[in-house]
Amino acid sequence: YILFTRKIRFRKVMKLRVRVVCILSVLLLFVSMTSCGQLPQESTQANNEPNVQVVNYGIEMKNSDYVYTINEDGITLKKYIGTEKEITIPQTIDGYDVVSIGQDCFSDKKDILSVELSGKLKTIQSFAFYRCDKLSKLIIKNGLKIIGRSAFAHCTALEAVTLPKSVTQIGECAFANCTELKTVSFAGQRELQIGAAAFSETAIEKIVLPEGTTTISNAAFINCKKLKEVYLPNSVSSVKSNAFKKSPKVVLYAASGTYGESFAKTNGIKHKTVG
């Protein structure tokens, strides 16, 4: 009986020792993890969750100069509310590219003297700079693709414009009634469409359209009293019959056998063969 009792006590002591050892091991493991900067699994997962920024697409926002919206392709400037007379269109706002100047954004801003466009800009929408009648300097950087309807119409102080090779569409009446516009230059070849009345009633004297120009629409150069020389590239395949109406001094220059030469002959417009 004594021997049996001793065995029971021995087993209890051994079990107690095992429990103590387990508890001490767990405590040591916890201390070790804490001293190495390791955190419990739940906390680690919480800290690893991505910081998601919520973007309100299409909602009008505002800073000191512009009312604007953020879209999937970038920012559209909706309205200029600043006071500067010399404007430089920002490349980015809030980390997003400014890709479009919206309809009427600067229209009737009588104090604006100059505008420099960003190379990230893709589109100038309709009437964007309509009747900015003191705008005399316009810098367009390569990257712009579309100039919308009447975008610069009635900018009566504008004298010269250089259009980079990225511009492929000049919209209806884009530069109409820019009565002091004497020089329009095209940098580089590109596929180009010139919209109806795009350069109507301007002071252009000579224009050399770039190779790649395909279409000259209705009244594109109507009532250009000073226009004397128009150089049509071989790529031109469509010119509306009234494209040069009421421009009495115009002479078309085109290569022999091209559509341009044929157009001049068919419509009784003075022409000279080049090339």
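Everything numeric here is computed off the predicted structure, so don't read it as measured data.
Remark: the backbone N or O of T69 is not paired with any side-chain donor or acceptor of T76 at under 3.5 angstrom. At distances below 3.5 Å, not a single donor-acceptor pair connects side-chain atoms of K78 with backbone N or O atoms of D104. No donor-acceptor pair closer than 3.5 Å links the side chain of T213 to the backbone N or O of L209. Not a single donor-acceptor pair under 3.5 Å links the side chain of S185 to the backbone N or O of T162. Of the possible polar contacts, none joining the K165 side chain to the F186 backbone as a donor-acceptor pair under 3.5 Å is found. Of the possible polar contacts, none joining the S107 side chain to the A128 backbone as a donor-acceptor pair under 3.5 Å is found.
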Quiz item: Does the pair L135 and F106 meet the rule for a side-chain contact (heavy atoms from CB on, under 4.5 Å), with working shown?
Solution: CA-CA 11 Å; L135 175 62; F106 292 90; over 6 Å; no
Quiz item: Would E261 and H271 satisfy side-chain contact (heavy atoms from CB on, under 4.5 Å), going step by step from the backbone distance to the final call?
Solution: CA-CA 7 Å; E261 183 187 50; H271 71 281; 4.2 Å; yes
Exercise. In sequence, state the C-alpha distance, the side-chain angles, and the governing distance for Y68 and Y96, and then conclude on side-chain contact (heavy atoms from CB on, under 4.5 Å).
Key: CA-CA 11 Å; Y68 60 94; Y96 295 90; over 6 Å; no
Quiz prompt | Evaluation steps, side-chain hydrogen bond (donor to acceptor under 3.5 Å, both in side chains), between Q193 and T168 | solution = CA-CA 6 Å; Q193 296 181 357; T168 58; over 6 Å; no
Practice problem: Please step through side-chain contact (heavy atoms from CB on, under 4.5 Å) for the pair S100 and Q125, ending with a clear verdict. | Solution: CA-CA 7 Å; S100 181; Q125 296 183 24; 3.0 Å; yes
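Between R190 and V167, some side-chain heavy-atom pair lies under the 4.5 Å cut-off.
In this structure, a donor-acceptor pair under 3.5 Å is absent between the side chains of N234 and Y259. Checked by atom type, the side-chain pair S200/N177 shows no donor-acceptor distance below 3.5 Å. Counted by atom type alone, D97 and T92 present zero donor-acceptor pairs between their side chains at under 3.5 Å.
Across all non-hydrogen atoms, the minimal contact from F263 to S241 is CE1-CA, 4.0 Å.
Using cut-offs of 30° and 60° for the angle between ring planes, the Y130 and F127 rings count as perpendicular. Taking the six-membered ring where tryptophan is involved, the planes of F175 and F199 are essentially parallel, since the angle between them stays under 30° and well short of 60°.
A salt bridge links R131 to D108: one of the charged nitrogens lies within less than 4.0 Å of a carboxylate oxygen. Salt bridge annotation for K62-E60: absent, with no cationic side-chain nitrogen under 4.0 angstrom from a carboxylate oxygen.
The distance from atom CG of N63 to atom CG of D94, rounded to the nearest 0.5 Å, is 7.5 Å.
Here the rule is side-chain contact (heavy atoms from CB on, under 4.5 Å) with F152, and of L181, I124, V161, V115 only I124 fits it.
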